[in-house]
Structure formats: structure tokens, C-alpha cells
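This report refers to the structure that appears directly beneath it.
We count residues from 1, following the sequence as given.
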Amino acid sequence: MPFAPVFRSEWLKIRTVRSLLAILLVLFAVTTAFSALATQDPEDQGADPLFAALSGTALGQIAAITFGSLAVSAEYREGAAVRLSLTAVPRRGLWFAAKAAAIAAVVSVVALVTSLVALLAGLAGLGDAADGLTTADQVRGVAGGAVYLTLMALFAAGLATLLRSGVATLSVLIPFVLIVSFVIGDALGAVADFLPDRAGQAVLRSVPEGTVGPWTGLAVTACWTAAALLAGAWRLRRQDV
């Protein structure tokens, strides 16, 4: 079976699930609103202007993770949906690739628009404090932010396929990005720079603070994502649905 019709089928599934569309709206609203609000505090004007303008990404990633997780876990509710999907597409690897591609396509478009609007809102709040940002910095921040959010959605999708549970996936990932990275991360030293969220967010800084650069950080996050997807694909192939 060709890839295109399977991808189109998974794309239609996403379009017809209202909860998933609502999550995308939350991704846009939370990211842009927090970026706008976070740059209104005069005490924060001396911080990295690019990171400050895109600070809403730290909260928006929760919506991206939720989207990736629920897009997969919806298939496992009572087992009916995934059985129908795999009956229509017996090649499990093909189906999973199409599912991941559909998630990536949707999130990347929404994330690109979101990152651009968030940057504009953040720059408006920063005012003169953002004068030092170059066009290259801003383009990297917008493009890198979109790639980062897409990778986090796919990371969640891979883990949800491995665990076969949206609740379990969110119970692992949300505390991880909110607690491990921001509370425990500093205590881990340089090791924390290689956590999936900390590494990927290096692309949002005009001057990276850790041991990984902007694109190297995204590559680290991509490796985490690839590992999660491979683990999910392995379980999908090995075990009954």
C-alpha cells in the first residue's frame, strides 16, 4: 500500500477529533500570551531578549506533548480504533510512519505560526531591549522553536505508542519538563544540557548558556525523539493490539 493514502487517512483522523484541534488552539494561545506577558516586567529586560520573547514556548510545549500523546493514545481506547487501523493497513511500520508524519505536519505548521506571533508579541513587550537582536537570530528562533515543538510532540507520540496510554505518557513527560529540568536540572550540571527539553531550547537563545549550541541542541532533542519513536515502533511490531 502506498504511503500517501495512509498519510491522508491519518491526517483526516486528526482533523475530525475536536479535542486535538482544541489542543492546537491552546498551543497557540498559551505560547503567544505568555510571551507577551513575560516581557512586560521591566526587571526581565536585561535577560536574553530572544529567549524572553519566545519564553512562552516553555508552556506551549506542554500542549505539543499533549497533542502527540493523545493523537496516538486515542487509537488504544478499548483497542477498537487501532485494530481497525491495522486491519486497513496491515504493515504496522507503514501505519506508524504515516501517523508520525501526520502529527509532525500538523504541529509544525501550527508551531511555525505560533513561534512567529509569539516573537512579535514578545518583541513588542521588550521594546528597546530587543534592539540588539539580528534578523538571523529572530529567524533561527522562530524556525528552531517550531522544530522544537514538533520534536516534543513526536517524542510524546513515540512514548505513547510504547506505553499505550496517554495518561501514563503525560504523567511521565509533564513532570519531567516542569520539574526535572527546571528544579533538579541545575543540580545535574552539564548533564542537564543533554535532556531533551533543555537541549532543544538552546535554539531559542541568542547566546546559548550551556554546553550545546542551538542546532546541536536540536540534534540532541531529535535523538531523544528518534529513540522514543523506534521504541514505540518496536512495541507495535512485537505485541498484539
Side-chain angles (χ1 to χ4, degrees), residues 1-28 60-61 63-117 139 142-166 169 173 196 200 203 215 218-219 221-241:
M1 178 178 292
F3 178 82
V6 183
F7 172 82
R8 187 160 49 249
S9 173
E10 295 305 318
W11 158 254
L12 289 174
K13 285 182 187 178
I14 291 175
R15 287 182 55 189
T16 55
V17 178
R18 292 183 179 179
S19 60
L20 293 179
L21 299 180
I23 292 170
L24 294 176
L25 180 60
V26 171
L27 169 61
F28 175 83
Q61 68 177 333
I65 288 169
T66 302
F67 181 89
S69 174
L70 296 186
V72 170
S73 63
E75 297 277 357
Y76 288 97
R77 290 173 186 167
E78 299 180 358
V82 69
R83 289 192 185 98
L84 289 174
S85 296
L86 294 179
T87 299
V89 186
R91 293 172 56 191
R92 297 188 177 195
L94 174 64
W95 174 76
F96 186 58
K99 171 72 76 175
I103 292 171
V106 173
V107 175
S108 61
V109 171
V110 175
L112 185 61
V113 174
T114 298
S115 294
L116 176 59
V117 176
V139 170
V142 170
V147 173
Y148 171 71
L149 289 172
T150 303
L151 288 174
M152 292 304 287
L154 289 173
F155 183 56
L159 190 59
T161 308
L162 177 65
L163 300 178
R164 299 190 178 188
S165 169
T169 301
L173 287 184
V203 79
W215 301 116
L218 275 183
T221 303
C223 289
W224 281 90
T225 299
L229 290 172
L230 288 172
W234 172 83
R235 183 167 189 190
L236 183 67
R237 284 176 174 271
R238 293 283 181 173
Q239 297 191 7
D240 293 335
V241 296

Does any pair with a residue in residues 107-117 pass salt bridge (charged side-chain N to carboxylate O under 4.0 Å, His left out), and if so which ones, sequence neighbours excluded?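 Sorted pair list comes back empty.
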Which atoms form the tightest heavy-atom contact between [X] and [Y], and what is the distance?
X: Phe155; Y: Ala228; result: CD1-CB, 3.5 Å
X: Ser69; Y: Ala156; result: N-CB, 3.8 Å
X: Ala146; Y: Thr150; result: O-OG1, 2.8 Å
X: Ile23; Y: Ala63; result: CG2-O, 3.2 Å
X: Gly145; Y: Ser115; result: C-OG, 3.7 Å
X: Gln61; Y: Met152; result: OE1-CE, 3.9 Å

Do Lys13 and Ser85 have side-chain atoms, one donor and one acceptor, less than 3.5 Å apart?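 On atom types as modelled, these side chains qualify, holding a pair under 3.5 Å.
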Reported [atom1]-to-[atom2] distance for the pair [X] and [Y], which is rounded to 0.5 angstrom:
X: Leu229; Y: Leu162; atom1: CG; atom2: CG; result: 11.0 Å
X: Lys99; Y: Glu10; atom1: NZ; atom2: CD; result: 4.0 Å
X: Leu159; Y: Leu163; atom1: CG; atom2: CG; result: 4.5 Å
X: Thr225; Y: Leu154; atom1: OG1; atom2: CG; result: 6.5 Å
X: Leu12; Y: Arg8; atom1: CG; atom2: CZ; result: 8.0 Å
X: Leu230; Y: Phe96; atom1: CG; atom2: CZ; result: 8.5 Å

Close side-chain approach of Val147 to Val203, heavy-atom, < 4.5 Å: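 SC-SC contact between Val147 and Val203 ruled out.
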Between Trp95 and Arg91, is any pair of side-chain heavy atoms under 4.5 Å apart?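 The answer is no, as the side chains (C-beta and beyond) never meet within the 4.5 Å cut-off.
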Please list, chain by chain and in numerical order, all residues satisfying side chain to side chain donor-acceptor pair (under 3.5 Å) with Trp224, sequence neighbours excluded.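 Counting only residues at least two positions away or on another chain, Trp224 forms no side chain to side chain donor-acceptor pair (under 3.5 Å).
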Using atom types as modelled, flag every donor-acceptor pair under 3.5 Å from a side chain in residues 104-112 to any protein atom, sequence neighbours excluded.
| from | atom 1 | to | atom 2 | distance (Å) |
| --- | --- | --- | --- | --- |
| Ser108 | OG | Ala104 | O | 2.8 |
| Ser108 | OG | Ala105 | O | 3.0 |

Is it the case that the side chain of [X] and the backbone of [Y] share a donor-acceptor pair, with hydrogens and angles ignored and the cut-off at 3.5 Å?
X: Thr221; Y: Pro196; value: yes
X: Ser9; Y: Pro5; value: no
X: Thr161; Y: Gly232; value: no

Name of the residue among Leu21, Leu24, Val26 meeting side chain to side chain contact (heavy atoms under 4.5 Å, CB included) with Phe67: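 So the option named by the test is Leu24.
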